[in-house]
Amino acid sequence: MMSRVLPYVLTLIAAVCAALVVMTTLRAMYDAYIPLPFMDQWAVLSIQDCMDQLFAQHNEHRIVVFRLLSILDYLLARGTYLVNFYASILLQLIHAFTLAALVYWAGVRGRVNAVLAGAIALGYMFWGGQWENFLYSFQTQFFAVFLAGTLAFAALAAVRGWAGVGAASLCAALAVGSLSNGVLVCLLLPPLAVWLGRPWRETAVGAGVAVGLIALYLVGYQSPDPDLTPFAALLKPLTSLRYTLAYLGQPLEELLRVQIAAVEGHRHLIAIAMGAIGVGLGVFAGVVLVARPSHATPARLVLLHVIVFIAASAALTSLGRLTFGVGQALASRYLTPSLVFWLALTFLWWSLLPGRIRILAPASAVCALVLMAGYGHHVDAVVQALRLSRDGAATALLSNVRDDEEFAKIFLDPEVVAERAELLRRRQLALFAEPWASWRGTPLSAHATLRPASACLGAFAGAQPVPGTAPGTAFRVTGWAWDPARAGAPDKILLVDAGGIIVGYGLTEGPRPVIAATLPPGTPQEVSWRGHVKLTGSTQVAAFILLDDGRSACPLGGPRLLDGPL
């Protein structure tokens with residue numbers, strides 16, 4: 001009786017947990033979103049930038065896919081990175097569906113099992129532990145390369161004739177054009193074709209295409225760091241092995257670290273141990289498929305090659321990152337491939353295990369999903385930290401204030417930010433694409449109807465001169481705000497001088513300690529905002545909420561006197 005009920009129970013738990021995981025991650029993407037270039041993105045601020053650098057080397061990568069998506073983003077979304085973010089979501093959805101379809105094709109049949117596999121795949125693909133890839137639009141290629149690998153193997157196994165070879169070759173090209181480890185897809189396709197028994201002409205042509213793609217990747221290649229070569233890393237095989245295992249074993253370590261504080265001091269050991277278990281299970285599965293050819297169905301071979309691809313990617317990464325230490329293998333961006341590794345491993349064993357113990361594979365994945373569903377508070381903390389690190393630069397740019405301390409948080413050289421931002425401002429791209437970004441220097445009354453002060457809560461708390469600017473010309477300003485109609489924090493703050501002219505911008509960025517005396521009953525918290533003001537003379541400056549309709553504004557307490565330039 002229990003064996004019949006258990007799949008239904010696991011499916012229900014998996015569906016609920018997957019839904020929580022997806023909603024948490026999508027909410028985090030929304031809360032963290034700000035159309036501001038970050039680090040590497042300052043190199044590609046226009047279609048022309050993307051075209052000029054389309055095939056150019058970026059570190060050891062050829063990020064053609066990212067640059068093509070950026071071109072599309074500039075055409076469709078004015079450089080606000082929405083295309084990149086939507087592409088990330090779509091790529092993960094496709095990958096989850098593909099892996100769930102593979103386990104069904106591998107022999108795990110039935111409607112309940114199909115739903116269970118889909119829920120597990122969806123939860124793994126959208127777990128917020130991958131926050132670096134979900135919250136930075138530059139990281140879209142991290143999703144693309146591993147999906148391209150899975151699709152290349154699946155196309156070769158599922159599509160007959162030259163169409164399969166063509167589809168696999170196209171996916172391999174996308175992998176190579178996403179990240180450097182995409183070349184591993186080219187290396188794995190020919191042996192997969194042989195194992196699948198593809199005709200020798202198709203195998204030969206596919207191998208030729210793979211060699212050609214690798215050659216294209218290597219044309220003009222230069223080592224990003226002449227002192228850091230794979231050959232030097234090979235002299236430290238044990239360190240490389242520890243890095244590789246930690247890379248693969250990170251998911252459980254990350255889940256336990258967030259749930260159990262004591263794990264923090266043993267992160268590397270736990271990740272390495274889990275990675276070793278994963279590699280052992282993968283090798284054992286490979287041996288089974290070799291020893292029993294009847295078990296080596298096309299779907300299982302695809303899952304095995306996905307496992308090998310991720311493991312090889314971990315090893316390849318170790319060769320180029322050893323100088324950063326084994327701890328660098330625990331970066332959140334590497335959770336994407338390691339989660340695919342464990343998902344493919346779980347699904348492969350789900351299809352291989354016999355009879356009653358087959359349920360152990362999905363049961364273990366559902367246990368992990370339960371822990372993932374409880375990860376939301378950590379994702380919220382990450383979002384808060386990201387907003388704190390980027391909002392200051394955003395309001396400085398909107399207010400046309402040179403604040404090098406804030407600029408240094410979004411790019412290593414503040415001078416580059418100050419210079420390159422002019423292109424965005426002139427073409428109304430990225431941060432300047434929204435209408436309100438061009439209101440500085442114009443009357444507030446020209447854009448918004450003023451609402452009574454009773455319509456909102458908040459205050460203009462303080463102002464400090466921006467270091468490095470002429471006395472009295474630029475200020476960092478702070479305060480708090482609450483919109484009762486919204487029952488939450490407003491998004492945008494406008495700073496207005498005594499003449500009613502907009503002289504600065506602010507953004508809300510999260511909770512501060514509640515001042516109970518200033519809040520009416522039922523208000524859950526106050527939310528801080530900060531911004532910048534640029535002045536030409538001493539004046540009273542007041543803060544206003546720009547309400548959700550974008551056409552009305554509400555004052556936050558009284559104005560403050562800011563001393564302009566002498």
Side-chain angles (χ1 to χ4, degrees), residues 21 25-26 28-29 32-33 37-41 43-44 57-70 72-73 81-96 98-99 121-122 124-152 171-185 217 224 243-244 246-248 250-251 254 306-307 309-321 324 328-344 379 382 386:
V21 167
T25 297
L26 294 181
M29 294 179 74
Y33 172 72
F38 183 76
M39 294 302 175
D40 301 278
Q41 289 170 313
V44 283
Q57 188 176 332
H58 177 84
N59 295 328
E60 64 269 32
H61 309 293
R62 307 283 187 177
I63 54 173
V64 180
V65 170
F66 167 76
R67 289 167 179 148
L68 289 174
L69 284 173
S70 296
L72 193 60
D73 184 70
Y81 308 120
L82 290 175
V83 169
N84 303 72
F85 283 121
Y86 284 128
S88 294
I89 294 171
L90 180 61
L91 291 171
Q92 290 299 83
L93 282 172
I94 295 173
H95 209 164
T98 302
L99 289 168
L122 201 61
Y124 272 52
M125 290 293 97
F126 281 86
W127 179 38
Q130 309 162 80
W131 60 264
E132 192 172 355
N133 295 333
F134 276 114
L135 304 185
Y136 292 150
S137 60
F138 182 72
Q139 298 296 107
T140 305
Q141 60 264 27
F142 249 88
F143 296 138
V145 66
F146 297 105
L147 170 60
T150 299
L151 290 178
C171 291
L174 292 174
V176 174
S178 296
L179 290 177
S180 60
N181 65 314
V183 300
L184 297 171
V185 176
Y217 166 80
Y243 187 106
T244 300
Y247 181 114
L248 297 174
Q250 185 187 4
E254 178 67 14
V306 170
I307 293 166
F309 172 42
I310 305 298
S313 296
L316 185 63
T317 304
S318 75
L319 300 182
R321 297 290 185 269
F324 298 105
Q328 202 266 346
L330 304 182
S332 70
R333 61 183 175 274
Y334 297 144
L335 267 171
T336 294
S338 57
L339 284 166
V340 175
F341 172 85
W342 283 98
L343 196 54
V379 176
V382 168
L386 287 177

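Each residue takes its place number in the sequence, starting with 1. Predicted model, so just to flag it, every value in this text is computed and none were measured.
- Between the side chain of T25 and the backbone N or O of F126, at least one donor-acceptor pair lies under 3.5 Å.
- For the atom pair L151 CG and H95 NE2, the distance stands at 7.0 Å (nearest 0.5 Å).
- Here the OG1 atom belonging to T140 is positioned 9.5 Å from the CG atom belonging to D73, to the nearest 0.5 angstrom.
- Residue-environment remark: OH (Y86) stays at or below the threshold of 12 foreign heavy atoms within 6.0 Å.
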Inset, instruction - Decide side-chain contact (heavy atoms from CB on, under 4.5 Å) for L26 and I89; before the verdict, give the C-alpha distance in whole Å, the side-chain angles of both, and the deciding distance to 0.1 Å. - result: CA-CA 9 Å; L26 294 181; I89 294 171; 3.7 Å; yes
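- Annotation for S318 and T244: closest pair OG-OG1, 3.6 Å, computed over non-hydrogen atoms.
- Separation of atoms OG (S88) and CG (L147) is listed at 11.5 Å; rounding is to 0.5 Å.
- The two residues I63 and S178 have their closest heavy-atom pair at CG2-O, 3.5 Å.
- Side-chain atoms of V176 and V185, non-hydrogen and from C-beta on, never get closer than 4.5 Å to each other.
- Considering OG of S332 and CG of N133, their distance stands at 6.5 Å, rounded to 0.5 Å.
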Legend entry - Residue pair L122, M125: steps toward the side-chain contact (heavy atoms from CB on, under 4.5 Å) verdict: CA-CA 5 Å; L122 201 61; M125 290 293 97; 5.7 Å; no
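- Heavy-atom minimum distance, F66 versus S137: CE1-O, 3.9 Å.
- The only member of Y33, F142, F38 that meets ring pair (Phe, Tyr, Trp, His ring centres under 6.0 Å) when paired with Y136 is F38.
- Residues Q92 and F134 share a closest heavy-atom pair of CG-CZ, 4.0 Å.
- For the residue pair S313/N181, the side-chain donor-acceptor check at 3.5 Å is satisfied.
- Atom CD of residue Q250 and atom OG of residue S338 lie 5.0 Å apart, to the nearest 0.5 angstrom.
- Between atom CZ of residue R67 and atom CG of residue L69 there is a gap of 12.0 Å, rounded to the nearest 0.5 Å.
- Taking the six-membered ring where the residue is Trp, F146 and F309 present tilted rings, their angle falling between 30° and 60°.
- Legend: residues meeting ring pair (Phe, Tyr, Trp, His ring centres under 6.0 Å) with Y81, ordered by chain and number and at least two apart, are absent.
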Legend entry - Trace of the side-chain contact (heavy atoms from CB on, under 4.5 Å) decision for Y243 with T317: CA-CA 9 Å; Y243 187 106; T317 304; 3.6 Å; yes
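- A donor-acceptor pair under 3.5 Å is absent between the side-chain atoms of Q141 and the main chain of L179, judged by distance alone.
- In terms of heavy atoms, A329 sits closest to Y334 at O-CD1, 3.6 Å.
- Remark: side-chain polar atoms of R333 are not paired, donor with acceptor, to backbone N or O of E132 under 3.5 angstrom.
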Legend entry - Pair F138-M39, side-chain contact (heavy atoms from CB on, under 4.5 Å): steps then yes or no: CA-CA 9 Å; F138 182 72; M39 294 302 175; over 6 Å; no
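- Across all non-hydrogen atoms, the minimal contact from V306 to A344 is CG1-CB, 3.8 Å.
- A side-chain donor-acceptor contact under 3.5 Å links Q130 to the backbone of W127.
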